[in-house]
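Side chains are part of it too, since the values below use all heavy atoms of this structure and drop only hydrogens, waters and symmetry mates. Atoms within each ligand, like the ligands themselves, are counted from 1 in listed order. These figures come from a predicted structure and were not determined experimentally. The first residue in the sequence is number 1, and the count goes up from there.
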Amino acid sequence: MVPKELLPLLDRPAIHYIVEECSRSGIEEVILVISRGKEAVGDYFKPSPALEAALERKGDLERLRQLQEISGLVTITTVLQKDQRGTGDAVLAAEAVVAGEPFLMIYPDDVMVAEPPVAAQVIEVFRERDAPITAVERVPDSEVKNYGIADGEMIADRLLRVERMVEKPDPSEVKSRLAVFGRYVLTPDIFDAIRRTPAGALGEVQLTDAFALLASERPAYAYEFEARRYDTGRPMTMLKAAIDVALSRDDTRDEMLDYLRQLKP
Ligand code: G1P
């Protein structure tokens with residue numbers, strides 16, 4: 001099965017847009033935490049001299065440029081998560097490489113179309129507050145049970161001081177409707193918090209619970225980002241994302257518009 005991170009949006013896999021979001025947000029080093037069976041996600045970013053030479057021979061300079069663009073974006077380090085023991089465990093796998101610095105953590109489940117990128121939006125709030133932060137979006141009651149929900153006090157426009165976070169709660173358990181969408185800026189004390197966090201939902205160590213533990217000990221925030229969000233796990237949203245991307249690119253906009261107009265006179 002193709003990992004969903006490699007499903008295409010127009011002409012590039014979803015993970016490409018995630019790494020591009022990092023690069024556009026000033027990140028220079030990306031660590032991919034990969035579970036067994038998803039090694040192809042890491043391979044996508046590995047330079048391939050044989051393929052590059054073949055493209056050059058064929059004169060396919062556009063694809064050659066695309067390939068080289070990927071490796072030029074950022075430095076990529078791949079870390080294998082040995083067992084799938086939850087999002088907290090995945091973050092721990094990167095501890096040695098992160099080396100004691102604050103870091104951006106992204107779940108690649110959602111591609112965000114935004115200007116500035118969502119990663120840059122949360123990094124800016126991190127710089128202002130100097131405290132851990134997660135990106136959130138308001139969801140309807142019926143969706144609350146599908147997400148980590150951040151609860152607390154709104155202290156500024158779009159900014160919540162987190163008092164608790166609950167993974168996949170019943171809507172009656174939380175007063176907020178702010179769901180976590182996998183863009184965090186974390187500080188190195190998160191690693192110790194993860195180690196102190198017992199297994200939670202699904203018997204896994206959840207980053208949500210570790211973040212909640214940290215938020216009970218020091219200020220931590222949730223920021224309501226602005227973006228069009230596309231869940232890579234849903235075929236219809238992937239199709240919409242592809243249309244959005246096509247409309248935003250100079251080389252594809254007109255053809256996409258013509259096609260859409262002709263579909264609906
Ligand atoms: C994960 C997280 C959850 C978050 C969601 C969407 O859940 O555990 O906190 O709200 O991603 O990014 P999953 O969708 O993997 O079950």
Side-chain angles (χ1 to χ4, degrees), residues 1 3-7 14-15 17-19 21-22 32-38 41 81 83-94 103-114 117-119 121-122 132-152 160 162-171 173-186 190 193-194 197-216 220-238 241:
M1 207 166 98
K4 66 179 182 181
E5 294 80 1
L6 291 181
L7 292 176
I15 192 73
Y17 294 87
I18 304 280
V19 171
E21 179 182 341
C22 294
L32 294 175
V33 178
I34 291 183
S35 56
R36 266 186 229 292
K38 288 205 174 189
V41 178
Q81 185 190 11
D83 308 298
Q84 277 182 275
R85 283 185 303 201
T87 47
D89 183 62
V91 173
L92 271 188
F103 61 101
L104 172 76
M105 204 289 302
I106 296 191
Y107 297 147
D109 304 61
D110 291 280
V111 169
M112 311 277 197
V113 178
V118 175
Q121 294 177 35
V122 286
I133 175 147
T134 180
V136 289
E137 186 183 87
R138 216 164 276 279
V139 295
D141 288 9
S142 57
E143 293 273 317
V144 164
K145 63 175 184 315
N146 298 326
Y147 300 108
I149 301 290
D151 227 343
L160 178 93
V162 177
E163 282 159 15
R164 23 183 239 136
M165 294 237 289
V166 191
E167 186 63 27
K168 306 194 171 68
D170 184 86
E173 286 173 59
V174 281
K175 56 180 199 296
S176 137
R177 295 295 179 254
L178 296 174
V180 167
F181 280 103
R183 303 290 187 276
Y184 286 85
V185 181
L186 297 168
I190 192 68
I194 294 169
T197 301
L202 307 171
E204 296 179 339
V205 176
Q206 301 288 348
L207 179 63
T208 322
D209 296 336
F211 191 91
L213 177 63
L214 213 53
S216 70
Y221 300 92
Y223 179 70
E224 256 185 274
F225 60 87
E226 287 178 89
R228 292 189 296 281
R229 180 179 60 76
Y230 297 104
D231 182 343
T232 58
R234 297 187 196 183
M236 269 313 281
T237 54
M238 284 296 276

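- For the pairing with Tyr107, the side-chain contact (heavy atoms from CB on, under 4.5 Å) check across Thr87, Ile18, Thr232 returns one residue only, Thr87.
- Of the candidates Arg229, Arg228, Arg177, Glu137 forms a salt bridge (Lys or Arg N to Asp or Glu O under 4.0 Å) with just one, namely Arg229.
- Counting only distance, with no hydrogens or angles, the side chain of Glu143 and the backbone of Pro140 share no donor-acceptor pair below 3.5 Å.
- Two residues are said to be in side-chain contact when any heavy atoms from C-beta on lie closer than 4.5 Å; Leu207 and Met105 meet this criterion.
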Practice task
Show your working on side chain to side chain contact (heavy atoms under 4.5 Å, CB included) between Ile190 and Leu214 and close with a plain yes or no.
Solution key: CA-CA 7 Å; Ile190 192 68; Leu214 213 53; 3.8 Å; yes

For ligand 1, run through the N/O pairs with the protein that fall under 3.5 Å and put one pair on each line.
| from | atom 1 | to | atom 2 | distance (Å) |
| --- | --- | --- | --- | --- |
| ligand 1 | 7 (O) | Lys168 | NZ | 3.2 |
| ligand 1 | 8 (O) | Glu167 | OE1 | 3.4 |
| ligand 1 | 8 (O) | Glu167 | OE2 | 2.7 |
| ligand 1 | 9 (O) | Gly148 | N | 3.2 |
| ligand 1 | 9 (O) | Glu167 | OE1 | 2.8 |
| ligand 1 | 9 (O) | Glu167 | OE2 | 3.4 |
| ligand 1 | 10 (O) | Gly148 | N | 2.9 |
| ligand 1 | 10 (O) | Val180 | O | 2.6 |
| ligand 1 | 16 (O) | Lys168 | NZ | 2.8 |

Using residues 220-227 as the side-chain source, report each donor-acceptor pair under 3.5 Å to any protein atom, sequence neighbours left out, with the distance given to one decimal.
| from | atom 1 | to | atom 2 | distance (Å) |
| --- | --- | --- | --- | --- |
| Glu224 | OE1 | Arg138 | NH2 | 3.1 |

